[in-house]
Amino acid sequence: MEEAKAFYGRVGFSDVRFDYTGHVPGPDREARVVMLSNPGATPVGPGGIKLVQVLDGDGPPPEPPGGGWGELGITEICLHARGVTGVHKALVAAGAESLMEPLTAAVQPNDVSLDIAYVADPWGGKLELIEWTGLWHSLPGPDRAEGVNHVAFGVKDMARTRAFYEELGFTEMLFESTEFFEPMAPWYPYGPPDQHMIMMLSSQGAGIEPVVLDPEGPDCRGEWGHIGPFDFGIGVASLERGVEALHALGVETGEAVTLDDGRGGQWRYASFRDPDDLYVTLVEARY
Ligand SMILES: [Fe+2]
């Protein structure tokens, strides 16, 4: 955890908002959970990062094997960046491995331009860097990572996932792609699959990027707390109201949990069942 905090601190997530060690209901594990935010967060890079170190059993479960990108499970965290090239270079200097050198692309149907690069963090988790040059002009200043822009996850049925998350407020489609993104080709141990991906945004907050692969590849959901990206949370102002809203939509939730870190921070969450049984929570951050 200390190494991960130091790494993400160097990427800009220097603000430790919550730091808890103990029982985590829901997954029913002993774990240390640290919430980090980036003081340079912006409207297109608003999201924070949660680090989890499982402490019981054999410790952190290993990353599910055999995946490339977009198999069932959480597949990447994307940071918005001012100056993708400079941030990519800084990440590699901080111990990340380059997975894709910076390049410029555009996504359809609105021809939105972007700069993009990928690294693996020191634990192998894929971190994408994007500057949405066709969408948002970053604030002035040096190259830097902002907060999380989106999370990508593999699903089985795009229409079903889209309908589900639209009901949760992810109604604005930034792009849809059915073209294989060629720079990702070296990542797939079983050969490049067909890719169908969309990005859905809500009116505020980070976005979601569901992906369907053909062939679908291995199931990479893994155990809660495994090494690499494994879950995401959707922020709500009131956990009770959020749970009520999900129940009104017929979505099952786990119990509402409040964890206190003893330093004034409270993490309130309830897990819910998304169509692919991914680890997803509603989060009311009191930190
Ligand atoms: Fe992405």
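First listed ligand is number 1; within each ligand, the first listed atom is number 1. Heads up: numbering here begins at 1 and tracks the sequence.
A salt bridge is defined here as a Lys NZ or Arg NE, NH1 or NH2 lying under 4.0 Å from an Asp or Glu carboxylate O, and Asp56 with Arg29 meets this definition. Salt-bridge check for Arg160 with Asp276: passed, with a basic side-chain N closer than 4.0 Å to an acidic carboxylate O.
In Glu76, the N, O or S atom that comes nearest to the Fe ion (ligand 1) is OE2. For Glu128, the N, O or S atom closest to the Fe ion (ligand 1) goes by the atom name OE1. Nearest N/O/S atom of Glu209 relative to the Fe ion (ligand 1): this is OE1.
Closest non-hydrogen pair, Pro25 versus Pro27, comes out as O-CD, 2.9 Å.
Panel note: side chain Lys156, backbone Pro275; no donor-acceptor pair is recorded below 3.5 Å.
Look at Cys78 and the Fe ion (ligand 1): no N/O/S atom of the residue is under 2.8 Å from the metal.
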